[in-house]
Amino acid sequence: MALEIVAVPVLSDNYVWLAHDPASGETVVVDPAVAAPVLDAVAVRGWRITQIWNTHWHADHVGGNADIRQATGCAIVGPAGEADRIPLIDRAVGDGDIVRLGAIEAMVMDVPGHTAGHVAYHLSSEAVLFSGDTLFAMGCGRLFEGTAAQMFANMARFAALADQTRVYCAHEYTQSNGRFALAVEPDNVDLVARMVAVDAARGRGEATVPTTIALERATNPFMRAATVDELAARRAAKDMFRG
Ligand SMILES: [Zn+2]
């Protein structure tokens, strides 16, 4: 049986991801901003949380750590570069480390820029990437603690993953990202088509994630930036963009 992945929408636009491995019965929570809706979501499914994986230290990614640990006794995995800011961390991980959900392996990728120690979790056997606030649908994270050169390198690494890889990012920013992307590349036919679908989905109140690496390669202006300078200029323009 395949890994089951469920979104728990919380706060204004966060997605907390639950990944359940039926073979082992393990369930991991990725970036629990809060605890209560996450605990409710596992309870209705009869699942048991065994792990938390954090991508970075921001409160809307770790805010539920303590209460979920209290309720479940789960193990907490987070970025080594930010271990002192991850509540109740048990295992600090960095690039190339392997974390396991049952028999499923996730490789840790260091993807700094949004924060200095940000990590992503790549489950290659499942073609799944948990990208936190580094790669979004048609966007990338703001550069709070890192550089455009770092983000450019991150985008190149993500672009090299398999086409069909499903990307589970931590926010529903797709519509505003897409408006910016269209301002950058108004003649990109894949982008124009994608935004028609995104606007329709949002109109129905539906989530627009996960996305895929293939879709991002075709439509994400940060992944499509040809140089560090181009990515830097686009990131600066997006910070000011009111679309
Ligand atoms: Zn963040």
Side-chain angles (χ1 to χ4, degrees), residues 7-19 28-35 37-38 51-68 76-89 92-95 99 106 108-122 128-155 157-158 167-178 180-181 207-211 216 220-223 231-232 234-241:
V8 184
V10 300
L11 308 181
S12 58
D13 52 31
N14 279 74
Y15 291 125
V16 177
W17 297 107
L18 293 172
V28 62
V29 183
V30 181
D31 283 350
V34 293
V38 175
Q51 300 184 56
I52 292 171
W53 296 350
N54 294 128
T55 63
H56 66 295
W57 67 266
H58 285 162
D60 63 325
H61 297 257
V62 303
N65 278 21
D67 286 349
I68 293 172
I76 299 179
V77 176
E82 305 175 355
D84 57 341
R85 306 177 85 168
I86 305 294
L88 302 175
I89 189 169
V93 293
D95 206 58
V99 294
V108 178
M109 302 171 71
D110 280 344
V111 285
H114 177 68
T115 62
H118 197 301
V119 296
Y121 298 90
H122 179 222
V128 164
L129 176 72
F130 293 108
S131 63
D133 284 359
T134 297
L135 175 62
F136 293 119
M138 296 184 278
C140 75
R142 282 185 183 241
L143 297 172
F144 289 122
E145 299 178 2
T147 65
Q150 289 174 322
M151 191 58 80
F152 185 80
N154 298 339
M155 291 295 128
R157 289 186 72 184
F158 290 140
V167 179
Y168 294 84
C169 55
H171 290 277
E172 178 64 61
Y173 289 162
T174 310
Q175 208 166 22
S176 66
N177 284 343
F180 174 76
T208 62
V209 292
T211 176
E216 293 315 303
N220 186 313
F222 301 98
M223 190 173 278
L231 185 146
R234 289 178 180 183
R235 186 60 262 177
K238 176 65 168 68
D239 290 348
M240 303 295 293
F241 185 72

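Remember, it's 1-based here, ligands and their atoms both numbered in the order they're listed.
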- request: Give, for atom CZ of R157 and atom CE of M223, the distance between the pair rounded to the nearest 0.5 Å.
  value: 12.5 Å
query: What are the two closest non-hydrogen atoms of A137 and T174, and how far apart are they?
result: CB-OG1, 3.4 Å
- prompt: If you measure only the distance, is there a donor-acceptor pair under 3.5 Å linking the side chains of H114 and T134?
  reply: no
field: Modelled atom types, side-chain donor and acceptor of E145 and T115, under 3.5 Å
entry: no
- prompt: Is there a side chain to side chain contact (heavy atoms under 4.5 Å, CB included) between H171 and Y15 once you walk through the steps?
  reply: CA-CA 6 Å; H171 290 277; Y15 291 125; over 6 Å; no
- prompt: For H118 and D133, does a side-chain donor sit closer than 3.5 Å to a side-chain acceptor?
  reply: no
message: With 2.8 Å as the threshold, which protein atoms of type N, O or S lie near the Zn ion (ligand 1)? Leave waters out.
response: H56 NE2, H58 ND1, H114 NE2, D133 OD2
